[in-house]
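Below: the structure, in structure tokens.
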Amino acid sequence: MAVKIYCNGVEFVGIQAVIFDKDGTLAQVDSFLSLLGRLRTDQLASSIPGIETAVLDSFGLRQSLDPTGLLAVASRADNIIAIAAHVAATGRGWLESLAMVEGAFLDAEQKLPPKAPLTPLVPGTLDLLSRLQAAHIRIGLLSSDTQANVESWVETHQLNRYFSCLQGVCEACPSKTHAHFLAQACRSMQVDPAAVLVIGDSAADRVMAAHAAGFIGVTGGWSRPFKMVSPEPFLKPHAAAVRLDQITVEA
């Protein structure tokens, strides 16, 4: 059965599977990430007074959270490395800096309640998942979050019936931009990447979709409006939407 997916005038044909990003695409994470970022900053500042501004700027967290910034887009491991650079700039050695940041992150995370209940569904999520499932499209969820958090979010929001693949970052694939990250999911779903449509909210998702059939950039999962634009053609989405209901499925 031929399935066509449309987004604001752009048509995608021959799609056998759709892979979604989680945070910012299907999950509303502004409030959670803002709290997490400030807790991490407070923990570091308790040991290194005066570092707050540099850390908050690096996170992309001042008056509001930048949806394109480090905290919103990058993996936990990338966040550790980026913030450790600021610690090292205070005169500490690199290994000491990494250890300090890892400790601060752990302390901050232990002060937070579980993430999944604090990251509700983006409006339109259930409807789009239901329409894809009705069209017999396989659905995957790939994220820069940990595997445990990906599975917990799906379980908390009772979405298990929709997804045939749940994948977070791991030691072998520490970032969604890793060359094998999408390929690993496609093998799990038994689908060729050339028949996969990726839907996400960041340039990292676009990079992940480099060998996929197409990429739809969605931006409505954040309270701070932004556009997915890039001077590099390979980072531009093939189609863009603010709301998930701007993506239609025709079987």
Side-chain angles (χ1 to χ4, degrees), residues 21-90 92 94 96-122 141-150 152-153 156-157 168-170 174-177 200-205 207-208 217-228:
D21 166 58
K22 179 170 72 69
D23 290 349
T25 301
L26 299 184
Q28 297 178 340
V29 292
D30 293 69
S31 297
F32 176 85
L33 288 179
S34 295
L35 176 58
L36 176 62
R38 294 190 186 281
L39 283 173
R40 287 174 172 175
T41 303
D42 290 345
Q43 290 297 131
L44 278 171
S46 68
S47 302
I48 313 172
I51 201 171
E52 297 97 321
T53 298
V55 172
L56 290 171
D57 282 345
S58 187
F59 279 149
L61 181 59
R62 295 304 296 272
Q63 276 80 26
S64 62
L65 179 65
D66 180 1
T68 68
L70 176 73
L71 188 60
V73 174
S75 68
R76 185 180 185 278
D78 287 340
N79 272 259
I80 288 174
I81 292 171
I83 302 305
H86 291 294
V87 176
T90 65
R92 292 167 172 81
W94 180 243
E96 179 187 0
S97 299
L98 281 173
M100 288 187 70
V101 174
E102 288 172 349
F105 278 28
L106 281 173
D107 289 343
E109 289 155 9
Q110 288 171 359
K111 293 181 178 181
L112 283 172
K115 179 180 180 180
L118 300 181
T119 53
L121 300 181
V122 169
L141 186 66
L142 273 62
S143 175
S144 291
D145 208 344
T146 65
Q147 184 70 28
N149 278 347
V150 172
S152 175
W153 185 80
T156 297
H157 297 289
V169 294
C170 62
S175 167
K176 67 171 63 173
T177 59
D201 69 316
S202 73
D205 298 314
V207 172
M208 179 179 70
V218 292
T219 59
W222 299 91
S223 58
R224 177 173 162 179
F226 74 105
K227 292 182 178 180
M228 290 188 64

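The chain is numbered in sequence order, starting from 1.
A donor-acceptor contact shorter than 3.5 Å is absent between the side chain of Gln43 and the backbone of Ala108. Under the 3.5 Å distance criterion, the side-chain polar atoms of His157 are left unmatched by any main-chain donor or acceptor of Ala27. Asn79 places a side-chain N or O within 3.5 Å of a backbone atom of Ser75 that can act as its donor or acceptor partner. The backbone N or O of Lys115 lies less than 3.5 Å from a partner atom in the side chain of Thr119, making a donor-acceptor pair. The backbone N or O of Ser202 sits less than 3.5 Å from a side-chain atom of Asp205, completing a donor-acceptor pair.
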Does the pair Arg76 and Glu109 meet the rule for a salt bridge (charged side-chain N to carboxylate O under 4.0 Å, His left out), with working shown? CA-CA 11 Å; Arg76 185 180 185 278; Glu109 289 155 9; 2.9 Å; yes
Under the side-chain hydrogen bond (donor to acceptor under 3.5 Å, both in side chains) rule, what do Trp222 and Asp30 come out as? Steps first, then yes or no, please. CA-CA 6 Å; Trp222 299 91; Asp30 293 69; 6.0 Å; no
Could you walk me through whether Asp21 and Lys176 pass salt bridge (charged side-chain N to carboxylate O under 4.0 Å, His left out), step by step? CA-CA 10 Å; Asp21 166 58; Lys176 67 171 63 173; 2.7 Å; yes
As a quick check of understanding, evaluate side-chain contact (heavy atoms from CB on, under 4.5 Å) for Leu142 and Lys22, giving each step before the final call. CA-CA 7 Å; Leu142 273 62; Lys22 179 170 72 69; over 6 Å; no
Go through the steps to decide whether Asp145 and Val169 satisfy the test side-chain contact (heavy atoms from CB on, under 4.5 Å), and finish with yes or no. CA-CA 6 Å; Asp145 208 344; Val169 294; over 6 Å; no
Dump the intermediate steps for side-chain contact (heavy atoms from CB on, under 4.5 Å) on Val150 and Leu141, then the final yes or no. CA-CA 8 Å; Val150 172; Leu141 186 66; 4.0 Å; yes
Going through the distances and angles, do Leu61 and Ser34 end up as a side-chain contact (heavy atoms from CB on, under 4.5 Å)? CA-CA 7 Å; Leu61 181 59; Ser34 295; 3.8 Å; yes
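Here the closest non-hydrogen pair linking Val73 and Ala204 is CG1-CB, 4.0 Å. Pairing each heavy atom of Leu70 with each of Ser58, the nearest pair is CB-O, 3.1 Å. Among all heavy-atom pairs drawn from Gly24 and Val29, the shortest one is N-CG2, 3.9 Å. Nearest approach of Leu26 to Trp153, heavy atoms of both residues: O-CZ2, 3.6 Å.
Atom-to-atom distance recorded for Arg38:CZ and Leu33:CG is 12.0 Å, nearest 0.5 angstrom. We find the CZ-CG distance between Phe32 and Asp23 to be 8.5 Å, quoted to the nearest 0.5 Å. Atom CD of Glu102 and atom CD1 of Ile80 lie 5.0 Å apart (nearest 0.5 Å). Ile51 CD1 to Ile83 CD1: the interatomic distance, rounded to the nearest 0.5 Å, is 8.0 Å. Taken to the nearest 0.5 Å, the CD1 atom of Ile81 stands 7.0 Å off from the CG atom of Leu98. Distance CZ/Phe59 to NE2/His86: 9.0 Å, rounded to 0.5 Å.
Looking only at side-chain heavy atoms (C-beta outward), Met100 and Ser47 come within less than 4.5 Å of each other. Side-chain contact between Arg40 and Leu71: present, with at least one pair of heavy atoms (C-beta onward) separated by less than 4.5 Å. Counting only heavy atoms from C-beta outward, the side chains of Thr25 and Val122 never approach each other to under 4.5 Å. Put simply, the side chain of Asp57 reaches to within 4.5 Å of the side chain of Arg62, judged on heavy atoms. Looking at Pro113 and Leu118, their side chains come closer than 4.5 Å, going by heavy atoms from C-beta outward.
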